[in-house]
Amino acid sequence: MVNIVDWLDYYSDFFPHQDVEVEFIESYLENQDNAKLLYVECGMAPLSKDFLSKYDVTFTDKFSEYTSLLNKRLIHKNNRAHIFNLDPIDIARYLAKDFFSTIFCLHNKMIFMQDDVLIKKFLFDSKMLLKENGKIILGLSNFSKYDLQKDIIEFPTVKSSRGSLKVHLSKDKELVSYRLSGEIIPSNGKTIQISQNEKVFPLGLETIKKIAEELKFSSVEFFGDYLKSPFNKNSSNLICVLTK
């Protein structure tokens with residue numbers, strides 16, 4: 001369960017616009033001022049106005065609350081935004097093949113695709129939507145830093161000016177799966193449950209490498225952050241770039 005109503009109010013506090021993310025994406029878009037981009041599970045789409053005016057960006061999210069809000073914010077504001085309320089598993093049904101230069105899914109949204117079968121389907125579909133040599137960029141936490149055999153896995157608290165975000169995974173031993181719960185503690189101290197026992201798949205490097213090989217991507221790169229630092233077991237993040 002995701003409490004999307006309360007999450008909308010705090011989303012930008014914990015996932016604000018970050019220049020380093022935009023610069024990372026643009027490093028793969030040199031000499032492509034008219035590039036067509038697809039932002040999957042975009043949430044509140046924390047991208048700059050300059051970025052949105054430069055590129056043709058399609059936004060999709062399975063939550064209509066996000067896409068409705070984005071429609072109000074972005075449509076007819078000197079950009080080429082296209083916004084669709086779509087589940088990630090449906091992108092190949094409704095979007096054009098061999099069309100996009102880059103597809104990106106950031107802020108751990110991939111783990112909500114729940115299992116490796118659906119993740120593989122999403123990457124297969126995304127590859128179909130890409131032009132030749134197009135890129136898929138995935139932004140994840142480095143789950144290999146944590147002991148996933150524990151019953152409860154606590155993640156570092158994320159703080160903002162208006163409160164703190166606490167997230168943990170619980171392991172379902174019978175089903176060998178993981179459930180994510182998260183809460184926001186505003187400055188007034190009243191806890192807001194924003195997700196509870198949401199099934200997730202803590203996607204890691206080895207699984208991505210295996211799927212990339214099976215789907216015959218031409219290359220796959222891994223970084224420890226958006227500055228392109230080499231990935232290692234102590235990296236906080238896992239940033240992945242797959243090339244068609």
Side-chain angles (χ1 to χ4, degrees), residues 1-16 18 21 39-46 60-67 85-90 104-123 137-160 162-186 190-208 211 224-225 231 233-240:
M1 181 277 292
V2 175
N3 176 3
I4 195 68
V5 175
D6 285 324
W7 189 221
L8 278 173
D9 188 36
Y10 285 92
Y11 189 97
S12 297
D13 289 80
F14 300 108
F15 297 111
Q18 295 192 41
E21 291 180 357
Y39 191 169
V40 176
E41 294 297 84
C42 60
M44 299 285 282
T60 69
D61 202 287
K62 66 184 175 184
F63 288 109
S64 60
E65 291 87 349
Y66 286 137
T67 53
N85 178 207
L86 277 179
D87 193 288
I89 64 171
D90 291 326
F104 46 102
C105 183
L106 311 177
H107 306 144
N108 277 325
K109 296 297 182 68
M110 287 289 295
I111 71 172
F112 292 94
M113 294 180 197
Q114 299 192 346
D115 59 45
D116 55 345
V117 174
L118 291 176
I119 287 169
K120 183 175 181 178
K121 177 186 175 353
F122 167 73
L123 292 175
I137 298 173
L138 308 178
L140 297 155
S141 294
N142 176 18
F143 295 104
S144 64
K145 283 184 64 173
Y146 304 95
D147 182 358
L148 296 179
Q149 299 307 311
K150 288 184 175 180
D151 292 338
I152 301 291
I153 302 103
E154 299 277 355
F155 295 107
T157 299
V158 181
K159 295 183 178 181
S160 79
R162 294 206 299 153
S164 302
L165 172 64
K166 294 187 175 184
V167 175
H168 72 265
L169 291 183
S170 55
K171 187 175 182 181
D172 185 328
K173 294 181 179 179
E174 291 185 7
L175 299 175
V176 195
S177 62
Y178 296 87
R179 303 279 173 170
L180 181 144
S181 296
E183 60 185 28
I184 293 170
I185 304 174
K190 185 179 179 181
T191 298
I192 301 171
Q193 192 80 38
I194 47 94
S195 63
Q196 188 169 17
N197 295 325
E198 187 76 5
K199 186 179 179 183
V200 295
F201 184 84
L203 181 61
L205 182 148
E206 293 302 325
T207 300
I208 296 172
I211 292 174
D225 55 37
F231 176 79
K233 64 180 182 180
N234 296 315
S235 299
S236 295
N237 298 304
L238 172 62
I239 312 303
C240 173

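Computed from a prediction, not measured in an experiment: that's the story for all the values here. All heavy atoms count here, side chains included; hydrogens, waters and symmetry mates do not.
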Considering residues at least two apart in sequence or located in another chain, which fulfil the salt bridge (charged side-chain N to carboxylate O under 4.0 Å, His left out) criterion with Asp87?
-> none
Asn142 side chain to Ser144 side chain, donor-acceptor N/O pair below 3.5 angstrom | yes
Verify the distance criterion only: is there a donor paired with an acceptor across the side chains of Asn108 and Ser141 at less than 3.5 Å?
-> yes
Is there side-chain contact between [X] and [Y], with heavy atoms separated by less than 4.5 Å?
X	Y	result
Leu169	Tyr146	no
Cys240	Leu140	no
Pro88	Met110	no
Ile111	Leu180	yes
Phe143	Phe155	yes

Under 6.0 Å from the NZ atom of Lys62, do we count more than 12 heavy atoms belonging to anything else shown?
-> yes
[atom1]/[X] to [atom2]/[Y] distance, rounded to the nearest 0.5 angstrom?
X	Y	atom1	atom2	answer
Glu41	His107	CD	NE2	13.0 Å
Leu165	Ile192	CG	CD1	11.0 Å
Asp225	Ser236	CG	OG	8.5 Å
Ile89	Phe122	CD1	CZ	11.5 Å
Cys42	Phe104	SG	CZ	9.0 Å
His168	Ser181	NE2	OG	4.0 Å

Passes side-chain contact (heavy atoms from CB on, under 4.5 Å), Ile208 versus Ile119? Steps please.
-> CA-CA 9 Å; Ile208 296 172; Ile119 287 169; over 6 Å; no
Quick one: closest heavy-atom pair of [X] and [Y], and the distance?
X	Y	result
Arg179	Lys199	NH1-CB, 3.6 Å
Asn85	Asp61	ND2-O, 2.9 Å
Thr157	Ser164	CG2-CB, 3.7 Å
Leu106	Tyr39	CD1-OH, 4.0 Å
Ser170	Asn197	OG-OD1, 4.2 Å

Give the intermediate values and the outcome of side-chain contact (heavy atoms from CB on, under 4.5 Å) for residues Phe201 and Gln114.
-> CA-CA 5 Å; Phe201 184 84; Gln114 299 192 346; 5.7 Å; no
Where the side chain of Glu183 meets the backbone of Val167, is there a donor-acceptor pair that is under 3.5 Å apart?
-> no
Which pairs count as salt bridge (Lys or Arg N to Asp or Glu O under 4.0 Å) when at least one residue sits in residues 143-156, sequence neighbours excluded?
-> Asp151-Lys173
With a cut-off of 3.5 Å and sequence neighbours excluded, list every side-chain donor-acceptor pair involving residues 5-15.
unit_1	atom_1	unit_2	atom_2	d
Asp6	OD2	Asn3	ND2	2.7
Trp7	NE1	Tyr66	OH	3.2
Tyr11	OH	Lys109	NZ	3.1
Asp13	OD1	Arg162	NE	3.3
Asp13	OD1	Arg162	NH2	2.9
Asp13	OD2	Arg162	NE	3.1

